[in-house]
Amino acid sequence: MKKTMKRIAAVTIGITVMATTAACSSGSGNAGSTTAAPQTQATDAVQPAAQEKEQEANAAPAETYTLMFGHAQTETHPYQECFQQWADAVAQQTGGGLTIDLYASNTLGSEEDIINSFKDSDTNWGYNTDFARLGTYVPELAMFNLPYFVETMEDIQAVKDLDMVKEWISRLESENDIKVVSLNLVQGYRNVVTGKPVTKPEDLKGLTLRCPNTEIWRAAVSSLGCSVQGMGRGDIYNNLVNKVIDGYEDVYPCVVSESYYEIKSVGTISETHNILLLNPVVVDAGWFNSLPEEYQKALVETCDQACSSCSDKMLGEFTESARQKCIDEGMTVIDHSEIDIDAFREAAKASYEQLGLTDTYKEIMEALGR
């Protein structure tokens, strides 16, 4: 993708303020006599000041900023609604001084190219990404994208509050110009989808599953017991139909938003919960730091709020609704209670070893008292 850097130019908006001189009357004449000022004069003296304050409050900001924000999901995916809530909230909080334009389905450009460009020049771009991508910049962050590293929202909160994790996030910004705006968005639990039930790693032997095309994702998915084929999300449907791959692993809402339930030869969802996928929201750090301080605060606060609300729904009603849709469409669900999670956890250790993160993983667990 051609990396065309677009820096936001300040827009100067003229503000017309009506200047009104307030008249005031004082007593005159002989001592002991007074002349009352007309009531209308007192009213007229106050009204222009009030009007001026109202005009100042309603005036458009002298300088405006726009964030062009992309994500990989379709416009029917719950993430689109989440990001729209964020856009509406930040525009309202900044009085239109900061706005967000949304680009679903990677229409802003390749996630990799966009995020790589942050270091080259300050751009008004942002993306919803994952730690497999961020782990290519700060290797320790890859653990968030490995199987069974975090298994609950409480786990995520505990890990991201650790000083060592905060230091990794700081390095991401200082060394790679990637600003993490929020760590509050989870896509949900990823499950294995194939043509047969999968309850233990041995059931995946001889099968090839799709995974996103990065080393970290390959390590994560292959550690479950299968072979892997890296490819973009847009290639999954046709490759399933043409039997290039035997299955994939994904969250329920994506199975529905991408209509994968239509492919009857791959109609069994085994609830392995192999990854609780945390999706960081990132922007170009140089651009972020160029914003007025109050806009920076608004961007972060409104994003945290929108992402937290969406995560609650993703793990609740959105997943339940999508799960039921899959069942209604004829898919078979192997409940989480039927999965040998201990066997999958043990198998997943291979991914940490492959990426050289075994010692770091142990350090994290010790810091958490586990």
Side-chain angles (χ1 to χ4, degrees), residues 1-9 11 61 64-134 137 169 172-173 176-187 232-234 253-254 257 277-292 294-311 313-314:
M1 166 186 152
K2 183 178 180 181
K3 300 180 183 177
T4 304
M5 304 295 111
K6 294 185 179 179
R7 188 162 183 145
I8 301 178
V11 179
T64 61
Y65 303 83
T66 300
L67 172 64
M68 300 168 66
F69 187 80
H71 64 95
Q73 309 303 334
T74 66
E75 291 187 350
T76 62
H77 190 278
Y79 272 15
Q80 178 73 8
E81 179 183 348
C82 168
F83 297 135
Q84 187 60 60
Q85 289 176 353
W86 176 33
D88 293 342
V90 76
Q92 181 178 17
Q93 193 162 319
T94 63
L98 175 58
T99 57
I100 301 175
D101 293 339
L102 300 179
Y103 298 82
S105 302
N106 287 329
T107 52
L108 181 61
S110 157
E111 175 185 347
E112 181 178 9
D113 284 347
I114 293 295
I115 295 177
N116 281 343
S117 75
F118 292 175
K119 196 170 184 178
D120 297 330
S121 177
D122 294 345
T123 61
N124 60 320
W125 289 342
Y127 237 87
N128 168 231
T129 187
D130 59 41
F131 278 106
R133 179 71 57 200
L134 300 186
Y137 302 98
I169 297 295
L172 193 66
E173 179 172 352
N176 301 280
D177 209 27
I178 300 171
K179 171 68 179 180
V180 175
V181 177
S182 181
L183 289 175
N184 288 3
L185 184 61
V186 298
Q187 199 174 84
R233 180 169 291 278
C254 284
S257 66
L277 190 64
L278 178 60
N279 283 157
V281 173
V282 301
V283 299
D284 186 308
W287 174 83
F288 178 87
N289 292 325
S290 75
L291 297 175
E294 64 270 25
Y295 285 11
Q296 294 178 19
K297 182 179 179 182
L299 193 72
V300 171
E301 288 182 349
T302 56
C303 190
D304 273 344
Q305 291 165 2
C307 289
S308 293
S309 176
C310 184
S311 294
K313 294 178 181 177
M314 289 298 294

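Keep in mind that what you see is a predicted model, and the values were worked out from it rather than measured.
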From Trp125 atom CH2 to Ile114 atom CD1, the distance as rounded to the nearest 0.5 Å: 4.5 Å
Sub-4.5 Å side-chain heavy-atom contact between Pro253 and Met314: yes
Thr129 (side chain) donor-acceptor with Arg133 (main chain) under 3.5 angstrom: no
For Asp177, side-chain hydrogen bond (donor to acceptor under 3.5 Å, both in side chains) partners two or more places apart: none
4.5 Å side-chain heavy-atom contact, Cys310 and Glu81: no
Any residue meeting side chain to side chain contact (heavy atoms under 4.5 Å, CB included) with Gln80, in chain and number order, not counting sequence neighbours: His71, Glu75, Leu102, Ala104
Value rounded to 0.5 Å, distance of OG1 in Thr64 from CG in Leu98: 9.5 Å
Sole candidate of Val283, Val282, Ile169 that passes side chain to side chain contact (heavy atoms under 4.5 Å, CB included) when paired with Ile178: Val282
Side chain proximity check, Cys307 to Val281, heavy atoms < 4.5 angstrom: yes
Side chain to side chain contact (heavy atoms under 4.5 Å, CB included) partners of Asp101, counting only residues at least two apart: Thr66, Tyr103
Exam field: side chain Thr302 to backbone Ala89, donor-acceptor pair closer than 3.5 Å: no
Nearest non-hydrogen partners of Tyr79 and Gln73, listed with the distance: CD2-CG, 4.0 Å
Contact summary for Ser308 and Asn184, nearest pair of heavy atoms: OG-ND2, 3.0 Å
Backbone of Gln305 reached by a side-chain donor or acceptor of Ser309 within 3.5 Å: no
Residues Tyr127, Asn279; criterion side chain to side chain donor-acceptor pair (under 3.5 Å); working and verdict: CA-CA 10 Å; Tyr127 237 87; Asn279 283 157; over 6 Å; no
Over all atoms of both residues, closest heavy-atom pair of Ala306 and Cys82: O-SG, 3.6 Å
Criterion side chain to side chain donor-acceptor pair (under 3.5 Å) on Thr76 and Thr74, from CA distance to verdict: CA-CA 5 Å; Thr76 62; Thr74 66; 2.9 Å; yes
Nearest non-hydrogen partners of Thr94 and Ala298, listed with the distance: CG2-CB, 3.9 Å
Distance-minimising heavy-atom pair for Tyr295 and Gly97: OH-CA, 3.3 Å
Any side-chain heavy-atom pair of Gln93 and Glu301 under 4.5 Å: yes
Among Phe69, Tyr65, Phe83, side chain to side chain contact (heavy atoms under 4.5 Å, CB included) partner for Ile100: Phe69
Heavy atoms from other residues, nucleotides or ligands near CD of Gln92 exceed 12 (cutoff 6.0 Å): no
Flag, side chain of Trp86 to backbone of Leu299, donor-acceptor distance under 3.5 Å: yes
Nearest non-hydrogen partners of Asp122 and Asp284, listed with the distance: CA-OD2, 3.6 Å
